[in-house]
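So the structure is just underneath, and the comments pick up after that.
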Amino acid sequence: QVQLVESGGGLVQAGGSLRLSCAASGRTFSGYAMGWFRQAPGKEREFVAAISWRGGSTYYADSVKGRFTISRDNTKNTVYLQMNSLKPEDTAVYYCAGYSTPYVATNKIGSWGQGTQVTVSS
């Protein structure tokens with residue numbers, strides 16, 4: 001089973017950028033899709049972005065398209081979320097997710113990280 005540890009969260013001004021990292025260990029990282037979800041206070045956890053096992057396919061929530069980019073480096077067992085043009089509405093705890101298969105479309109999450117706080121000030 002994979003263990004996921006997020007890092008890179010923090011406080012940024014609106015319009016700024018932040019890069020989140022998720023380090024994975026415990027299984028063959030390259031064989032599984034990875035993703036990012038977020039949860040704001042009082043709201044349900046929502047999908048943000050995902051990437052297939054080799055990085056050839058990416059998926060984004062409409063709310064972040066054009067601003068966020070998900071990528072992965074399988075040699076480093078790490079997935080990234082580059083967040084640009086941040087808005088106060090992006091404020092949330094961001095969770096790294098490991099899918100149970102190589103493919104995002106299965107919508108099966110096998111592992112969750114503990115989350116990293118992203119706060120965007122206005």
What are the two closest heavy atoms between [X] and [Y], and how far apart are they?
X: G35; Y: Y99; answer: N-CE1, 3.9 Å
X: P102; Y: A33; answer: O-CB, 3.5 Å
X: C96; Y: E6; answer: N-OE2, 2.7 Å
X: A92; Y: R38; answer: CB-CB, 3.8 Å
X: I51; Y: S71; answer: CD1-CA, 3.7 Å
X: A40; Y: T91; answer: CB-O, 3.7 Å

Rounded to the nearest 0.5 Å, the CZ atom of F47 sits from the OH atom of Y60 at a distance of 9.0 Å
Tell me yes or no: between the side chains of T78 and D73, is some donor less than 3.5 Å from an acceptor? no
Does [atom1] in [X] sit with more than 12 non-hydrogen atoms of other residues, nucleotides or ligands closer than 6.0 Å?
X: Q114; atom1: CD; result: no
X: Q117; atom1: CD; result: yes
X: R54; atom1: CZ; result: no

Show, in sequence, the C-alpha distance, side-chain angles and deciding distance for T106 and T101, and conclude whether the side-chain hydrogen bond (donor to acceptor under 3.5 Å, both in side chains) test is met.
CA-CA 7 Å; T106 59; T101 77; 3.0 Å; yes
Any side-chain heavy atom of [X] sitting closer than 4.5 Å to one from [Y]?
X: L4; Y: M34; result: yes
X: T116; Y: V93; result: no
X: W36; Y: Y95; result: no
X: V118; Y: L18; result: yes
X: R67; Y: D90; result: yes
X: Q82; Y: S17; result: yes
X: S121; Y: L11; result: yes

Checklist entry - Hey, does the Lys NZ or Arg CZ of R19 hover above the aromatic six-ring of Y80, less than 6.0 Å from the centre and inside 45° of the axis? => result yes
In terms of the angle between their ring planes, are F37 and W112 parallel, tilted or perpendicular, with boundaries placed at 30° and 60°? perpendicular
Do D62 and K65 pass the salt bridge (Lys or Arg N to Asp or Glu O under 4.0 Å) test, and can you show the C-alpha distance, the side-chain angles, and the key distance before you say yes or no?
CA-CA 5 Å; D62 288 343; K65 285 182 179 178; 3.2 Å; yes
**Expected output: side-chain N84 to main-chain G15 donor-acceptor under 3.5 Å** = no
* Asked: Under 4.5 Å between side-chain heavy atoms, hopping through other hydrophobics if needed: is there a path connecting I109 to Y59?
  -> yes
Applying the 4.5 Å side-chain criterion to the ILVMFWY set and letting contacts propagate, would V2 and I70 be lumped into a single cluster?
yes
query = Step by step, would you call V48 with L81 a side-chain contact (heavy atoms from CB on, under 4.5 Å)?
reply = CA-CA 10 Å; V48 176; L81 185 68; 4.2 Å; yes
Tell me, with the steps shown, if R72 and N74 meet side-chain contact (heavy atoms from CB on, under 4.5 Å).
CA-CA 6 Å; R72 67 191 296 165; N74 288 346; 2.8 Å; yes
**Report entry** Candidate pair Q13 and V120, rule side-chain contact (heavy atoms from CB on, under 4.5 Å), full reasoning
**Finding:** CA-CA 5 Å; Q13 296 184 89; V120 184; over 6 Å; no
